[in-house]
Amino acid sequence: MPDSPEIKRYTVTSALPYANGPKHIGHLAGAYIPADVYVRFLRLLKKNVVFVCGSDEHGTAIPNQALKENTTAQQIIDKYHVLIRDCLYKLGISFDVYHRTSETLHHQTSQEFFLALFNKGLLTEETSEQYFDQEANAFLADRYIVGTCPRCGNPNAYGDQCERCGSTLSPRELINPRSTLSGSPPVLRPTKHWFLPLQDYEPWLREWILKSHADDWKTNVYGQCKSWIDAGLLPRAMTRDLDWGIKVPLPDAEGKVLYVWFDAPIGYISATRALFQELSDGKKKYSSPQSDFGKVKVDDWKKYWQDKDTKLVHFVGKDNIVFHCIIFPVMLHASQQFIVPDNVPANEFMNLEGDKMSTSRGWSIEMHEYIEDFPDKPDVLRYALLTNLPETKDSEFTWKDFQSKNNNELVAIFGNFVNRALVLTQNYFENKVPPRGVLTPVDEKVVKEVKEFPGRIAASIEAYRFREATALMIDLARTGNKYLAETEPWKLAKTDMIRVGTILNLALQISANLAVLTEPFLPFTSRKLKSMLALPDLGWNETGSVDLLPAGHALGHASLLFEKIEDSVIESQIKKLNIKKMEVERASQPPKAVKPLKPEVTIDDFSKLDIRIGKVIAAEKMEKSNKLLKLTINSGLDTRIILSGIAQHYTAEEMVGKQVTFIANLAPRKMMGVESQGMILSAEDGDGKLKLLQPLGDVEPGSAVN
RNA sequence: GGCGAGGUAGCUCAGUUGGUUAGAGCAUCGGAUUCAUAACCCGAAGGUCGGGAGUUCAAAUCUCCUCCUCGCUACCA
């Protein structure tokens with residue numbers, strides 16, 4: 001829906017990239033490209049807009065990455081801040097400012113924010129027991145505690161997650177926990193933290209999101225929020241025991257820092273502050289203002305965050321919904337000074353060639369990799385992502401699709417149309433815009449269509465439907481091709497040059513409209529096309545007209561807007577992707593842990609065990625268990641039930657009829673309410689994969705194993 | 001386990017509040033054309049809208065059940 005006139009300015013944010021590694025094209029599709037299209041569009045409408053972003057540089061994962069790369073946290077953030085920032089700019093993301101959360105200004109802003117809440121009594125204090133490493137003299141973040149996974153027995157599970165079975169853990173669940181800092185077992189020690197009582201804001205959240213944004217927020221975002229609110233909100237700790245981050249600005253908070261999700265979104269505010277500071281003192285360290293802000297004062301950032309007539313929009317991926325829709329808005333609302341977002345048009349995820357994108361698994365196209373391989377094609381990537389944004393559900397990027405979008409749409413429709421118009425003008429009118437004669441019904445029709453395009457594209461962008469907007473943009477070029485096919489000026493050139501002039505004039509006017517209207521989507525191409533047409537910078541409201549180029553106007557030098565991408569290029573990218581994945585897999589393969597030898601036993605010990613071969617007569621999955629199969633075994637002696645934790649490795653169906661080796665005289669044991677009369681033997685490798693132990697040939701059930 | 005979002009043509013995706021024959025692009029096939037990067041333009045074919053039941057004059061759309069995918073499930077960035 002179109003914005004009401006009382007909106008005086010816009011604050012647009014893209015999720016702060018976390019500076020612990022490179023960022024891939026999925027991030028780009030999620031939070032950066034849509035935001036950039038939106039902002040460029042607003043600028044063309046001459047709206048007052050700031051577009052802010054920056055590096056998110058705190059949290060436990062940064063020092064963690066430093067350990068991995070054998071360097072310091074500072075070096076990690078310095079490295080990735082520059083890498084990510086440069087990539088985003090090279091892909092045309094037009095931030096007015098790209099700040100970083102390690103900057104003093106941000107530390108100040110965050111501490112002020114925290115204190116403002118604290119001083120109003122809006123934060124609660126709570127003391128709880130946390131693991132503490134006595135040797136290293138530090139509280140341990142979840143990631144720094146390893147121990148045995150209570151679910152799968154992996155001896156190297158992390159405090160937050162077991163990477164073998166994938167279950168989410170809390171440090172207290174680990175068996176035999178030990179600190180990764182010193183290797184010693186940690187002790188529980190009381191620690192005080194400050195909490196944001198989210199539950200106090202539930203009525204407000206219900207009113208604000210569930211009632212007033214029921215119609216204009218995306219269903220995925222709305223649903224996610226509703227789910228959180230309905231589940232019941234709890235106080236959330238806003239501080240951590242950690243030495244990397246922003247110090248908690250209180251006297252009794254030694255060794256404590258602000259929770260990274262408390263300070264990161266404040267980074268948007270700090271970035272805006274930095275922009276206005278730099279605009280007012282003329283130094284440009286983090287800012288690169290994309291529009292003229294006129295004469296400003298240092299405090300003018302406040303208008304963009306505190307004035308009711310400012311519209312705030314956060315572009316994020318779906319993993320960030322809760323922070324941008326619940327926690328940060330509660331912080332903003334609680335402060336009683338700040339406005340809350342008007343919308344959070346979160347995108348879903350983009351998959352790659354049939355699998356989830358993941359930098360750590362090597363299954364990704366990192367921004368810098370793309371830029372290295374296609375340095376002159378930022379717009380092709382923008383287009384390929386835009387036409388397939390995960391707006392309503394997860395979407396899929398394939399190199400083949402990338403190629404076909406380039407070859408069939410950018411080259412064949414857009415580039416080709418412009419080229420046709422320009423080449424014909426060169427051939428017949430010495431590269432000058434010919435005058436228009438009398439318009440025929442075909443001409444009138446195309447003029448009418450051109451007139452409607454800007455409004456249609458604008459409506460799509462305003463509704464955050466960027467994929468649709470992009471399709472409309474290319475449709476304008478299609479309209480141009482159709483017009484040329486219908487009027488066939490190359491045939492008329494032999495008989496009626498006046499008519500040819502009229503047609504080419506209109507074809508050039510369409511090209512000029514394209515030059516302006518493509519700017520939000522394909523900024524580099526737009527610039528190139530403007531120079532080919534010698535077209536001055538125009539605003540969005542000047543488009544839709546067929547008088548952008550006056551008759552007699554001398555055109556610039558024509559060149560091709562896009563070039564075809566050959567099959568070989570695509571094939572080598574796919575190959576590269578697979579090679580990278582294999583390399584990462586190989587590098588991350590921990591040396592296979594072979595279990596240490598157990599203490600020696602005598603033959604008597606061994607002979608106590610009665611090991612037999614049995615045959616599975618029936619098998620079924622245990623309800624409510626993801627690991628147990630209930631097997632009915634013909635043991636030769638009897639028919640018995642044995643429960644076996646192999647459901648993740650064998651299905652019930654395939655077990656039926658199989659020979660199994662089992663311990664026949666093991667004391668029965670009840671699991672999930674069913675008694676198991678024995679134990680099935682299997683071999684387990686270092687990855688936790690199980691393989692059943694079977695005799696090499698068929699033997700009678702009940703045969704003993706010696 | 002609970003919750004959220006999805007499952008629509010070979011592929012990638014649209015389908016606003018239930019309403020004619022369910023759409024687009026690509027791929028396929030046919031036609032036309034040569035100004036243009038063998039590009040463009042016209043047309044055809046292609047779907048029991050995950051499966052089942054129900055409400056209704058009418059269901060891709062609403063209700064219930066069921067299967068599959070992704071995400072969230074809170075000191076996790």
Side-chain angles (χ1 to χ4, degrees), chain A residues 16-20 56-62 64-65 126 128 130 141-143 158-161 168-171 191 193 195 198 218-228 230-242 259-261 264 317-323 326-327 348-349 351 356 387-398 400-401 404-405 407-409 411-413 415-428 463 465 467-468 471 474-475 477-478 480-486 488-491 493 500 504 507 560-564 624 626:
Chain A
L16 303 187
Y18 194 57
N20 70 333
D56 175 11
E57 308 181 308
H58 297 131
T60 54
I62 299 274
N64 201 47
Q65 183 67 23
E126 237 175 78
S128 63
Q130 296 277 313
D142 296 355
R143 215 53 206 185
Y158 291 104
D160 57 348
Q161 190 186 30
T168 307
L169 303 173
S170 81
T191 177
H193 283 289
F195 288 71
L198 294 175
K218 292 169 68 163
T219 50
N220 56 338
V221 177
Y222 185 86
Q224 185 75 247
C225 292
K226 187 168 176 343
S227 156
W228 276 75
D230 287 346
L233 299 164
L234 294 170
R236 195 173 172 103
M238 291 293 128
T239 55
R240 291 286 186 282
D241 290 298
L242 192 68
Y259 174 39
V260 65
W261 271 112
K318 67 172 156 184
D319 50 336
N320 274 341
I321 289 174
V322 64
F323 297 103
I326 308 272
I327 300 176
E348 301 283 305
F349 286 160
N351 294 325
K356 266 189 279 188
T387 48
N388 203 14
L389 288 178
E391 286 178 334
T392 57
K393 58 184 165 192
D394 289 356
S395 71
E396 169 106 1
F397 179 95
T398 64
K400 215 169 156 281
D401 181 64
S404 92
K405 289 274 161 60
N407 293 357
N408 300 330
E409 296 176 30
V411 173
I413 296 173
N416 186 38
F417 165 66
V418 170
N419 191 235
R420 294 170 86 179
L422 288 171
V423 167
L424 288 167
T425 307
Q426 273 173 16
N427 290 349
Y428 302 139
R465 291 198 296 261
R467 204 163 46 193
E468 184 179 86
I474 210 75
D475 267 353
R478 245 189 209 107
N481 274 321
K482 209 174 287 189
Y483 176 64
L484 288 182
E486 278 169 11
E488 299 180 310
W490 50 90
K491 280 189 179 165
V500 173
L504 288 184
L560 296 177
L561 283 180
F562 302 99
E563 58 188 16
K564 287 200 128 192
K624 294 188 178 174
N626 35 16

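Below, chains carry the letters A, B, ... as their sequence lines are ordered, and counting in each starts from 1. Just so you know, these numbers come straight off a predicted model, no measurement behind them.
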Which part of the nucleic acid, if any, lies within reach of Ile326(A) when heavy atoms closer than 4.0 Å are counted: base, sugar-phosphate only, or nothing? nothing

Suppose you measure atom C1' in rC11(B) against the same atom in rU73(B); what distance do you get, rounded to whole Å? 34 Å

Suppose we define a pair by two distances each less than 3.5 Å, Watson-Crick or G-U wobble; what does rA44(B) pair with here? rU28(B)

Is any side-chain N or O of Arg478(A) closer than 4.0 Å to OP1 or OP2 of rC40(B)? no

Under 4.0 Å from OP1 or OP2 of rU12(B): is there any side-chain N or O of Lys405(A) that close? no

Taking a pair as Watson-Crick or G-U wobble with both distances under 3.5 Å, which nucleotide is matched to rA59(B)? none

Would Glu348(A) and Lys318(A) pass as an ion pair if we require N to O under 4.0 Å? yes

Taking only side-chain nitrogens and oxygens of Lys393(A), does any of them come within less than 4.0 Å of OP1 or OP2 of rG7(B)? yes

Under 4.0 Å, heavy atoms only, any strand: does Val260(A) hit a base, just the sugar-phosphate, or nothing? sugar-phosphate

Is the backbone of Phe349(A) close enough, under 3.5 Å, to the side chain of Asp394(A) for a donor and an acceptor to pair up by distance? yes

Could you check Glu563(A) against Tyr18(A) and say which one's nearest nucleotide on RNA chain B is further toward the 5' end? Glu563(A)

Please give the distance between the P atoms of rG47(B) and rC42(B) as a whole number of Å. 24 Å

Nucleotide rC75(B), atom C1' - distance to OH of Tyr259(A) in whole Å: 7 Å

Using Watson-Crick or G-U wobble geometry with both distances below 3.5 Å, tell me the partner of rC3(B), or none. rG71(B)

Kindly write out the residues that satisfy side-chain hydrogen bond (donor to acceptor under 3.5 Å, both in side chains) with Asn388(A), not counting sequence neighbours, or none if the list is empty. none

Check whether any side-chain N or O of Lys482(A) sits under 4.0 Å from OP1 or OP2 of rC42(B), and answer yes or no. yes

Across all strands shown, which nucleotide pairs with rG18(B) by Watson-Crick or G-U wobble geometry, both distances under 3.5 Å? none

Leu233(A) near the nucleic acid: base, sugar-phosphate alone, or nothing, with a heavy-atom cut-off under 4.0 Å? base

Once you apply a heavy-atom cut-off of 4.0 Å, does Phe417(A) come out as touching a base, just sugar-phosphate, or nothing? nothing

Could you check whether Glu488(A) gets within reach of a base, just the sugar-phosphate, or nothing at all, counting any heavy atom under 4.0 Å? nothing

Pairing partner of rC64(B), by Watson-Crick or G-U wobble and under 3.5 Å for both distances, is rG52(B)

Sorted by position of nearest nucleotide on RNA chain B, 5' first, the leading residue of Gln224(A) and Asp319(A) is Gln224(A)

Compare side-chain N and O positions of Asn419(A) against OP1 and OP2 of rC35(B) and report whether any pair is under 4.0 Å apart. no

Is Lys356(A) touching bases, backbone alone, or none of the nucleic acid, heavy atoms closer than 4.0 Å? sugar-phosphate

Phosphate OP1/OP2 of rC11(B) contacted by Ser404(A) side-chain N/O (<4.0 Å): no

Write down the distance between CG (Asp394(A)) and C1' (rC11(B)), rounded to a whole number of angstrom. 17 Å

Which is true for Thr398(A) with a 4.0 Å heavy-atom rule: it touches a base, it touches only sugar-phosphate, or it touches nothing? nothing

Respond yes when some side-chain nitrogen or oxygen of Lys564(A) is under 4.0 Å from OP1 or OP2 of rA39(B), and no when none is. yes

Just jot down the side-chain contact (heavy atoms from CB on, under 4.5 Å) partners of Lys356(A), sequence neighbours excluded, or say none. Asn351(A), Arg361(A)

Over all strands shown, is Phe195(A) touching base, sugar-phosphate only, or nothing at heavy-atom distances under 4.0 angstrom? base

